[in-house]
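As the structure is a prediction and not an experimental result, all values here were calculated from the model. Below, chain A is the first sequence line, B the second, and so on; all start at residue 1.
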2 protein chains.
Amino acid sequence: MEKREPAADPGDASADEATSWQAQKSAATRNLIIESAIQCFVDLGYARTTTTRIAHAAGLSRGAMLHHFPSKMDVVKAAVDELHSKRLKAFRNSIKKAPPPGKGRVHVAVQAYWEHVRHPTFVAFFELTVAARTDPQLYAILEPAQAAFYDEWYRTAFEAFPEWQSDKEAFDLALDLSRYLLEGMAVSSLTHAEPAREQHLLEYLENQLRYLRPSTDLDAAAN
Amino acid sequence: MEKREPAADPGDASADEATSWQAQKSAATRNLIIESAIQCFVDLGYARTTTTRIAHAAGLSRGAMLHHFPSKMDVVKAAVDELHSKRLKAFRNSIKKAPPPGKGRVHVAVQAYWEHVRHPTFVAFFELTVAARTDPQLYAILEPAQAAFYDEWYRTAFEAFPEWQSDKEAFDLALDLSRYLLEGMAVSSLTHAEPAREQHLLEYLENQLRYLRPSTDLDAAAN
DNA sequence: TGCAAAAAAGTCAAAGGTGTTTGTAACCGG
DNA sequence: CCGGTTACAAACACCTTTGACTTTTTTGCA
């Protein structure tokens, strides 16, 4: 066997030169396994995701995989953590690059979350959530991540939309409405997408959010 | 063993006197199996529902069960049909007994669907829907029932709320909004219920529906 | 009563999944 | 270059699930 370069490390490419080659490769393999697991959740669902399939998708033997993760649940745990940080990162990014100060923010924000809930990351998380309902062990792993995400989601949104801070009740309502409606649409579209109806509802939601938004002097008729 | 009366037959109690006692009992057992399967979907999720557990829940041996349903998929198919007809029946009932002609109908309708999506019947259907996303065989069984339900749902609602017939676009929007929002809330509450927020959103939804409703001469300010 | 048919129960092998154990090759530090 | 460690692979034993097959019990009818 020739020596292979450790594959690119998308997770946390800590290019620490002190880290040995072995450690780099190990981390790369770990990430490969995690990504494969997530892919399996999306493609096969949680129930049909077996260690055999994950290993196969990663191009490894089961033995190799169980070297990095002693049990299946260890893989799941790592995948949950990865999904959690991915969701958070994606959300922060879209918030950060999205802020034309007072103009069209509602549209951008709605589109951002709508894209998020249609992304494979959300699908994988959703699969896990459903499975966790009847699987206490998985629930114990998933619940903290879930709670932390929505907590952070709320806080970040609150800071990113200061014009709402004068009416916290309206803000909560707007956030809940957006979240439940978009997630409901996304879940439904997993098995039966209806683009036209979805588009209508997105426009409706945006209008509702503009209506709920506390009026400031600046944006009487701003989109 | 004493002879047991054939259990009450909730499914299709064709009280045909010509049907022998055996046939009655057979039908009762079939229904018992179907109900047990549905219960398993709710309690364990689709993935963990095995023939052994269904039989155990029904108080039968696996052999007896496979006498009535040669394969597991046959049970699933029967359960889907039963769930479909149950949902439809429940929906029609709540529509039928719900109509104070023009007063408070929105509230009653919203509450009715909200109760429906929190009912075990919906949970079971939801479990199947999620599993079907990555299980073509199950999808083939479920999709027709799913489509038929929403089709019927739409038609029945359209007839039951004639005051909306003047603005079909608003009607569609109102129906989609209600469906996606309530289903989104229900799905979310499966793992993490938040009664206070849910209540706020229900009130909000009702107000929105009243706002969307085409105004007639009769109910300018009717709740 | 006695026999045929249906219902119910029990047994079995095959397939697939999990985790453990054992084996091999590559890397690292001295 | 050598002992120890790490990455990976393969084989193994155990358990679960499924569906086919066989046997026993119960019912219907002559």
Side-chain angles (χ1 to χ4, degrees), chain A residues 1-7 9 16-34 36-37 40-41 44-78 131 135 137-138, chain B residues 1-7 9 16-34 36-37 40-41 44-78 131 135 137-138:
Chain A
M1 308 287 174
E2 71 283 71
K3 46 173 84 173
R4 291 154 296 188
E5 287 278 313
D9 183 355
D16 194 356
E17 303 147 28
T19 56
S20 64
W21 193 79
Q22 258 191 21
Q24 277 188 15
K25 181 171 183 188
S26 177
T29 306
R30 273 183 64 95
N31 269 18
L32 182 61
I33 292 169
I34 292 172
S36 299
C40 284
F41 294 155
L44 309 167
Y46 178 76
R48 302 180 133 188
T49 296
T50 68
T51 54
T52 308
R53 286 197 224 247
I54 296 175
H56 182 76
L60 294 172
S61 70
R62 274 191 66 244
M65 185 184 127
L66 274 100
H67 168 70
H68 291 275
F69 300 96
S71 88
K72 186 186 180 182
M73 267 307 169
D74 292 320
V75 186
V76 172
K77 175 99 177 63
D135 184 337
Q137 210 183 345
L138 179 58
Chain B
M1 312 287 171
E2 71 280 75
K3 49 172 81 174
R4 292 155 296 190
E5 288 277 312
D9 183 354
D16 193 356
E17 305 153 25
T19 57
S20 62
W21 198 65
Q22 250 190 22
Q24 275 187 14
K25 181 173 182 186
S26 176
T29 305
R30 272 183 63 96
N31 269 18
L32 182 62
I33 293 170
I34 293 172
S36 299
C40 284
F41 294 155
L44 308 166
Y46 179 75
R48 302 180 131 186
T49 295
T50 68
T51 54
T52 307
R53 285 197 223 248
I54 295 175
H56 181 76
L60 293 172
S61 70
R62 280 190 63 248
M65 186 182 125
L66 270 86
H67 169 71
H68 290 276
F69 299 96
S71 89
K72 187 185 181 185
M73 267 307 168
D74 292 322
V75 185
V76 173
K77 174 103 178 63
D135 185 337
Q137 210 183 346
L138 178 58

N/O (side chain, [X]) to phosphate O (OP1/OP2, [N]) under 4.0 Å:
| X | N | answer |
| --- | --- | --- |
| B:H68 | C:dA6 | no |
| A:H67 | D:dA7 | yes |
| A:T29 | D:dC8 | yes |

Starting at atom [atom1] of [X], determine the distance to atom [atom2] of [N], rounded to an integer number of angstrom.
| X | N | atom1 | atom2 | value |
| --- | --- | --- | --- | --- |
| B:L32 | C:dA7 | CG | C1' | 14 Å |
| A:H56 | D:dA9 | NE2 | C1' | 16 Å |
| A:F69 | D:dC8 | CZ | C1' | 15 Å |

Side-chain heavy-atom pair B:K72, B:I54 within 4.5 angstrom cut-off: no
Residue pair B:L138 / B:V76, side-chain heavy-atom distance below 4.5 Å: yes
A:N31 side chain vs A:A28 backbone, donor-acceptor pair below 3.5 Å: no
Full working for side-chain contact (heavy atoms from CB on, under 4.5 Å) between A:T51 and A:F69: CA-CA 10 Å; A:T51 54; A:F69 300 96; over 6 Å; no
Partner set under side-chain contact (heavy atoms from CB on, under 4.5 Å) for B:T50, not counting sequence neighbours: B:T52, B:R53
Which residues share a side-chain contact (heavy atoms from CB on, under 4.5 Å) with A:L60, sequence neighbours left out: A:T29, A:I33, A:A58, A:A64
All N/O contacts under 3.5 Å from nucleotides 17-19 of chain D to the protein, with atom names and distances to one decimal?
{"unit_1": "D:dT18", "atom_1": "OP1", "unit_2": "B:K72", "atom_2": "NZ", "d": "2.8"}
{"unit_1": "D:dT18", "atom_1": "OP2", "unit_2": "B:T51", "atom_2": "N", "d": "2.9"}
{"unit_1": "D:dT18", "atom_1": "OP2", "unit_2": "B:T51", "atom_2": "OG1", "d": "2.9"}
{"unit_1": "D:dG19", "atom_1": "OP2", "unit_2": "B:K72", "atom_2": "N", "d": "3.2"}
{"unit_1": "D:dG19", "atom_1": "N7", "unit_2": "B:R62", "atom_2": "NH2", "d": "2.5"}
{"unit_1": "D:dG19", "atom_1": "O6", "unit_2": "B:R62", "atom_2": "NH1", "d": "3.1"}

